[in-house]
Amino acid sequence: MHKHPLIAELITIAGQAHVLTHDDPATDLSAWENDWRKRHQGRALAVVRPASTAQVAAVVKACAAHHTSVVAQGGNTGLVVGSVPDNTGQQVVLSLTRMNRVRFTDPANLTMTVEAGCILQSLQEHAARHGLLLPLSLAAEGSCTIGGNLATNAGGTQVLRYGNTRDLCLGLEVVTAQGEVWDGLTGLRKDNTGYDLRHLFIGSEGTLGVITAATLKLAPQPAATLTALAAVPDMASAVQLLQLAQTQLASTLTGFEVMGRFALSLVHRHYAHLHLPDLWATTPWCVLLEISDAESESHARTMLETALGNALEAGLITDAVVADSLAQAAALWHIRESIPLAQAQEGLNVKHDISLPVSAIPAFVQETDALLADHYPGIRLVNFGHLGDGNLHYNVQAPADADAAAFLRDAEHAVNTLVFDNVQRFGGSISAEHGVGSLKAATLPRYKSAVALDLMARIKHALDPAHTLNPGRMLVRR
Ligand code: FAD
Ligand code: ZN
């Protein structure tokens, strides 16, 4: 019998091999205890890795009975310190990664039902084997899980056309804070029989229930996808280019990403083998466009080249390259996706994952850049993001000659306040896709109405009155 009665129970539920603790000094739990950005080092009472929904339910029930809180974890790629335990050594990490089966694929209904621990990329590949598309794509797709994507309502690079993860989910299976199972797995596109509970759990960051499975919406594979990189003279032109693309390319437009020159220079420095096309170095901004065409490659090429020609004539772009193979397109996307990694290589940084009305972005960027440069001489702005969704990753890197850790310690809070106050002034949100977690829980009340926060707290209280699930994440505990 284990000396801690809860751990003995967890071992009975999930098996000795799947309950990891610090009792054995040789066991390294850091992969589950530390967050992706190295912002937090937690300490878990135990990491438990159940293999079925029934086991997840039993784990939550046992933890609740022992007044022990549970932190759900998927791929641990979250960026707001939500998926790791605090440092009390009292929280149980519930890892979903062993729940990685595709339960059912229904090509005629364009759906698949999958377990929460499935890696996103493996699900994209599964859909492709059925000739279908799971239109959710983000740089962490090789290690994030669909449960984590749902829990954070992840965005990514195809939101413009297909929506956020929320829009791709028709049904859910959830273990409640009391350890009950809600089977809401359905492939229905229409169902108005009461509150739509799935939307309560999607984006709830593990604070209301543990997602164990989901029914996802698929799309037909396009006949051709084409990618281009365009040099843009300023942000106002990038926004006008988006309007032009939305008009002339209509629903074929599936990606519209913006990348600032400093962001690209970090990729150039840390991933030199990626060979950036020459145009990046001579323009302040690049835009990566993708179209997906149901007809053919040549149809897509004509459309894209015509639109880019019109943009060139209108002075919205100064240069462009259209990928002439799938490999070249993948290489362009790889550059975009390497920005967060290159930024991590460059050192600790302050991330702002913000959204604004697209129309407000040029003025927001101009004014906020100027304010930051004024307050923090030498500060480096890593600005990139999903411009098509009005979502910028407006990140701040310490001056090149500064000690990044010291800069963050002294300036992070003030930098956040400066940026977020401006976001609010321009009608935006302080978290477009990464969520709140514990990193922004204390910041949220400054920017969210008291009524909204009160409704959120009442929902939390109704579903998890004992604060068993992810306490202190998203909402400061009251
Ligand atoms: P985790 O990090 O393990 O968990 C995230 C949160 O969800 C935590 O609060 C956790 O408690 C909760 N959770 C996890 N699984 C469950 C579950 N089964 N039930 C209930 N709660 C659960 N995000 C975007 O939206 N768009 C991007 O473009 C994007 N790009 C990224 C690029 C990189 C390089 C990285 C590292 C991250 C990026 N992210 C992006 C962050 C994004 O939130 C995660 O990558 C992903 O959605 C989280 O999945 P995960 O399985 O790693 O979840
Ligand atoms: Zn993003």
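Indexing begins at 1, ligand by ligand and atom by atom, following the structure's order. When a residue number appears, it is its place in the shown sequence, counting from 1.
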Q. Below 3.5 angstrom, do we get any N/O pair linking Leu96 and ligand 1?
A. no
Q) If you measure only the distance, is there a donor-acceptor pair under 3.5 Å linking the side chains of Asn383 and Asn395? A) no
Q. Looking only at side chains, do Thr368 and Asn422 share a donor and an acceptor under 3.5 Å apart?
A. yes
**Q.** Heteroatom N/O/S of Glu433 within less than 2.8 Å of the Zn ion (ligand 2)
**A.** yes
Q | Cationic N near anionic O, under 4.0 Å, Arg37 to Asp35 | A | no
Q. Any N or O of Gly75 that comes nearer than 3.5 Å to an N or O of ligand 1?
A. yes
Q) With ring centroids as reference points, do Phe384 and Tyr394 lie under 6.0 angstrom apart? A) no
Q.
Minimum heavy-atom separation for Thr165 and Leu136, please, with both atom names.
A. OG1-CD1, 3.6 Å
Q: Ignoring hydrogens and angles, state whether a donor on the side chain of Glu9 or His66 is under 3.5 Å from an acceptor on the partner side chain.
A: yes
Q: Provide the number and element of each atom of ligand 1 under 4.0 Å from a heavy atom of Gly155.
A: 24 (C), 25 (O), 26 (N)
Q | For atom 3 (O) of ligand 1, the protein heavy atom that lies nearest, with its residue and separation | A | Gly74 N, 2.7 Å
Q.
Polar contacts were defined as any N/O atom of the residue lying under 3.5 Å from an N/O atom of the ligand; does this apply to Ser143 and ligand 1?
A. no
Q: Report the angle formed at the Zn ion (ligand 2) by atom NE2 of His386 and atom NE2 of His393, rounding to the nearest 10°.
A: 100°
Q: Quick one: look up the protein heavy atom nearest atom 48 (C) of ligand 1 and list residue, atom name and how far away it is.
A: Thr77 OG1, 3.5 Å
Q: Looking only at distances, please establish whether an N/O atom of ligand 1 is found under 3.5 Å from an N/O atom of Glu433.
A: yes
Q.
Using 0.5 Å steps for rounding, measure from the OG1 atom of Thr212 to the CG atom of Leu172.
A. 8.5 Å
Q: Please say whether Ile211 places an N or O atom under 3.5 Å from an N or O atom belonging to ligand 1.
A: yes
Q.
Closer than 4.0 Å to some heavy atom of Gly206 - which atoms of ligand 1 meet that?
A. 20 (C), 21 (N)
Q: If you have a sec, work out which protein heavy atom is nearest atom 43 (O) of ligand 1 and how many Å separate them, to one decimal?
A: Thr152 OG1, 3.5 Å
Q) For ligand 1, is Arg473 a contact, meaning one of its heavy atoms is under 4.0 Å away? A) no
Q) For ligand 1, which atoms sit closer than 4.0 Å to a heavy atom of Gly209? A) 20 (C)
Q. With a 3.5 Å cut-off and no angle check, do the side chains of Gln397 and Glu346 form a donor-acceptor pair?
A. no
Q. Of the protein's non-hydrogen atoms, which lies at the shortest distance from atom 53 (O) of ligand 1, and what is that distance?
A. Gly148 CA, 3.5 Å
Q) Which heavy atom of the protein is the closest neighbour of atom 33 (C) of ligand 1, given with residue, atom name and distance? A) Ala140 CB, 3.8 Å
Q) Who's the nearest protein heavy-atom neighbour of atom 22 (C) of ligand 1, and how far? A) Ala151 CB, 3.4 Å
Q. Would you say the side chains of Thr254 and Glu290 form a donor-acceptor pair under 3.5 Å?
A. yes
Q. Where on Asn470 is there a heavy atom closer than 4.0 Å to ligand 1, on the side chain, on the backbone, on both, or on neither?
A. side chain
Q.
For His130, is the NE2 atom crowded, meaning more than 12 foreign heavy atoms sit under 6.0 Å from it?
A. yes
Q) Hey, is Gly156 one of the residues with a heavy atom under 4.0 angstrom from ligand 1? A) yes
Q | Flag for Glu433-His393: side-chain donor and acceptor within less than 3.5 Å | A | yes
Q: Would you mind running through ligand 1 and noting each atom that sits below 4.0 Å from a heavy atom of Gln73?
A: 3 (O)
Q. Got an N/O contact under 3.5 Å between Ala116 and ligand 1?
A. no
Q | Distance from atom 38 (C) of ligand 1 to nearest protein heavy atom, with residue and atom | A | Leu79 CD1, 3.7 Å
(Q) Could you check whether any side-chain N or O of Glu205 sits under 3.5 Å from a backbone N or O of Val436, counting only pairs where one atom can act as donor and the other as acceptor? (A) yes
Q.
Could you check whether Ser69 and Gln91, counting side-chain N and O atoms only, form a donor-acceptor pair closer than 3.5 Å?
A. yes
Q | Under 3.5 Å: N/O of Asn153 near N/O of ligand 1 | A | no
Q) Which residue owns the protein heavy atom closest to atom 10 (C) of ligand 1, what's the atom, and how far is it? A) Ala72 O, 3.1 Å
Q: For this output row, return yes or no: ring centroids of His352 and Phe420 closer than 6.0 angstrom.
A: yes
Q: Return yes or no for this condition: an N or O of Glu205 is under 3.5 Å from an N or O of ligand 1.
A: yes
Q. Quick one: which ligand 1 atoms are inside 4.0 Å of a heavy atom on Asn149?
A. 46 (C), 47 (O), 49 (O)
(Q) Out of all atoms in ligand 1, which are within 4.0 Å of some heavy atom of His386? Include the element for each. (A) 28 (O)
Q.
Would you call the rings of His273 and Tyr271 parallel, tilted or perpendicular, taking 30° and 60° as the class edges?
A. perpendicular
(Q) Counting only nitrogen or oxygen atoms and a 3.5 angstrom limit, does Asn76 reach ligand 1? (A) yes
